[in-house]
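Each remark here refers to the structure printed beneath this line.
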Amino acid sequence: MNQTNQRIDDLHAKLAEARDSFLGYPVSKDFDYSELFDFLKFPINNLGDPYNDSTYRVQTHDMEREVITFFARLFRADQDDYWGYVTNGGSESNLYGLYIARELYPKAMVYYSESTHYSVKKNIHLLNIPSIVIRSQDNGEIDYEDLKNTLQMNRHKPAIVLSTFGTTMREAKDDVGKIKSILKTLAIQDHYIHCDAALSGSYGPFINPRVPFDLKDGADSISISGHKFIGSPFPAGVILTKRSYRDRISKGISYIGSLDTTITGSRNGHNVLFLWYTIMKMGPAGLKARYEKSLATAEYCQARLQEKGIQAERNPGAITVVLPKVVKAVKEKWQLATEGDITHVVCMPNVSKDDIDRFIDEVELELPESEEAFEFSF
Ligand SMILES: *Cc1c(COP(=O)(O)O)cnc(C)c1O
């Protein structure tokens with residue numbers, strides 16, 4: 001065997017091992033795209049706006065529009081006024097939501113909570129929009145009282161509120177309905193709500209009791225990650241918003257014969273094909289079944305930890321179990337993201353009760369004195 005082949009074999013073994021002891025990040029690993037391998041022969045590029053085919057025809061725009069329609073239904077968009085595209089991930093989708101918001105309201109202030117994903121802070125910086133951080137409640141949800149008071153002090157300015165549906169650490173869900181009613185009470189007419197639903201958006205409609213988050217509930221745009229709950233070998237995301245908003249910011253580009261409405265020009269067309277393939281196979285019923293399986297695993301995990309005397313917490317309807325941080329060996333083996341004093345187990349659809357049992361056998365809490373460096377989670 002030559003050296004390159006040896007390296008590939010080693011990599012394969014290493015990745016397989018890492019994949020099979022993995023509880024800390026919200027990434028599904030139970031996919032099989034082998035039917036699509038042949039498409040790796042094509043230089044698929046979804047250049048430009050998915051609703052305006054360009055002169056480059058090695059693309060999957062028609063499937064991309066079907067993906068957008070699928071999520072438009074799932075997130076209850078107005079059927080005559082929706083638009084979106086498949087991005088490189090939730091971070092780009094968040095950038096797009098904030099970009100539209102700023103184009104619509106150039107003088108706006110952005111409000112986001114302490115528990116907001118790090119991509120949002122960077123995006124706000126890139127877009128150069130003034131912003132204010134709002135307190136989070138202990139469960140990770142935005143503090144509506146603090147939001148209301150802060151908005152009130154700035155009520156002469158248009159408001160962009162970044163709402164999170166499934167925070168990174170505790171999977172807390174901000175209530176878009178409550179945010180909308182605060183804006184209404186304060187009579188701030190120029191407002192925009194972007195909902196960052198990277199993980200939980202894909203099962204948001206099935207959570208019982210429902211937490212308001214979608215376009216009908218008052219969001220102006222929603223972002224999700226495709227490689228998290230749905231699962232994909234490549235990072236992917238979706239941004240869904242209103243066509244009328246896009247129309248206000250689009251500029252035609254003669255070189256590609258399309259509209260320059262997307263953040264990147266060349267776009268990953270394989271990602272679109274993969275995402276399309278899965279959602280067509282699963283449908284909303286498949287997503288719901290996946291959520292119910294994850295929820296049952298999370299309930300099991302929480303109960304088993306509590307039996308062991310470990311303080312395990314979970315937000316209502318969440319598939320994420322929060323616990324005090326664990327010793328280094330356990331953290332590294334199970335690839336657990338840690339923030340401050342806590343860590344979490346994310347019960348993605350591929351996580352089995354057997355995986356949880358193996359983890360519970362090994363789990364050991366870190367003594368509170370020792371200090372470990374702050375670390376970013378996904
Ligand atoms: C994962 C995540 C993101 C970022 O998504 P990527 O697909 O990793 O770019 C944004 N927001 C939240 C709440 C997330 O959990």
Side-chain angles (χ1 to χ4, degrees), residues 22-29 31 67 71 75 84-99 110 112-127 133-134 136 139-142 161-176 193-204 207 211 213-214 219 221-240 262-264 267-268 271-272 274-275 278 294 298 315 317-322 335-339 342-348 375-378:
F22 185 111
L23 291 176
Y25 291 92
V27 173
S28 296
K29 297 169 289 298
F31 48 78
V67 170
F71 286 105
F75 300 153
Y85 73 96
V86 175
T87 65
N88 287 303
S91 306
E92 182 187 338
S93 303
N94 281 341
L95 177 61
Y96 203 86
L98 288 164
Y99 167 58
V110 186
Y112 66 92
S113 90
E114 290 172 298
S115 310
T116 301
H117 188 258
Y118 66 88
S119 64
V120 168
K121 293 161 215 168
K122 176 179 59 196
N123 289 335
I124 289 171
H125 186 62
L126 283 170
L127 291 165
V133 183
I134 306 299
S136 290
N139 74 341
E141 192 175 343
I142 197 167
V161 182
L162 198 300
S163 172
T164 307
F165 192 68
T167 60
T168 313
M169 215 49 211
R170 294 179 176 271
E171 203 190 320
K173 296 170 186 84
D174 298 341
D175 183 327
V176 164
I193 302 174
H194 174 74
C195 176
D196 175 3
L199 168 64
S200 305
S202 303
Y203 51 83
I207 297 175
V211 179
F213 77 104
D214 69 10
S221 48
I222 297 188
S223 55
I224 63 157
S225 298
H227 58 290
K228 288 186 174 171
F229 191 71
I230 292 172
S232 163
F234 319 119
V238 173
I239 175 73
L240 180 75
T262 52
I263 300 264
T264 63
R267 293 189 304 108
N268 190 327
N271 245 339
V272 169
F274 279 48
L275 197 51
T278 307
S294 293
N315 271 309
I319 63 170
T320 305
V321 181
V322 178
Q335 302 163 66
L336 302 181
T338 302
E339 194 182 275
I342 58 166
T343 188
H344 64 189
V345 169
V346 192
C347 299
M348 297 305 284
E375 204 188 288
F376 272 127
S377 53
F378 237 57

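Just follow the structure's listing: the first ligand is 1, and inside any ligand the first atom is 1. Treat the numbers as computed from the prediction; the structure is a model and nothing was measured.
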Report, in ascending order of atom number, the atoms of ligand 1 lying under 4.0 Å from any heavy atom of [X].
X      : value
Gly89  : 7 (O), 9 (O)
Gly166 : 13 (C)
Asn94  : 10 (C)
His227 : 7 (O)
Gly90  : 5 (O), 6 (P), 7 (O), 9 (O)
Ser225 : 5 (O), 6 (P), 7 (O)
Ala198 : 2 (C), 3 (C), 10 (C), 11 (N), 12 (C), 14 (C), 15 (O)

| task | Please identify each residue that fulfils side chain to side chain contact (heavy atoms under 4.5 Å, CB included) with Ala318, with sequence neighbours left out. | result | Glu171, Lys173, Arg314, Asn315
| note | Looking only at non-hydrogen atoms, the one of Lys228, Glu171, His117 nearest atom 10 (C) of ligand 1 is His117
| task | Check the side chains of Ser136 and Ser115 for a donor-acceptor pair under 3.5 angstrom, ignoring hydrogens and angles. | result | yes
| said: Please tell me whether Thr168 and His117 have a donor and an acceptor in their side chains that are separated by less than 3.5 angstrom. | reply: no
| field | Set of residues satisfying ring pair (Phe, Tyr, Trp, His ring centres under 6.0 Å) with respect to Tyr203, sequence neighbours excluded | value | Phe229, Tyr291
| Looking only at heavy atoms, is any part of Ser91 under 4.0 Å from ligand 1, and if so is it the side chain, the backbone, or both, or is it neither? | both
| Contact partition for Leu199 relative to ligand 1, non-hydrogen atoms under 4.0 Å | neither
| query | Hey, what do you get for CG (Leu240) to CZ (Phe75), rounding to the nearest 0.5 Å? | reply | 7.5 Å
| request: Look at the side chain of Ser163 and the backbone N and O of His194, then say whether any donor-acceptor pair between them is shorter than 3.5 Å. | output: no
| query | If only atom types and distance count, is the side chain of Ser93 paired as donor or acceptor with the main-chain N or O of Gly89 below 3.5 Å? | reply | yes
| request: List the steps and the verdict of ring-ring contact (aromatic ring centres under 6.0 Å, His included) for Phe274 and Phe31. | output: CA-CA 10 Å; Phe274 279 48; Phe31 48 78; 8.5 Å; no
| Asp196-ligand 1 polar pair, N/O distance under 3.5 Å | yes
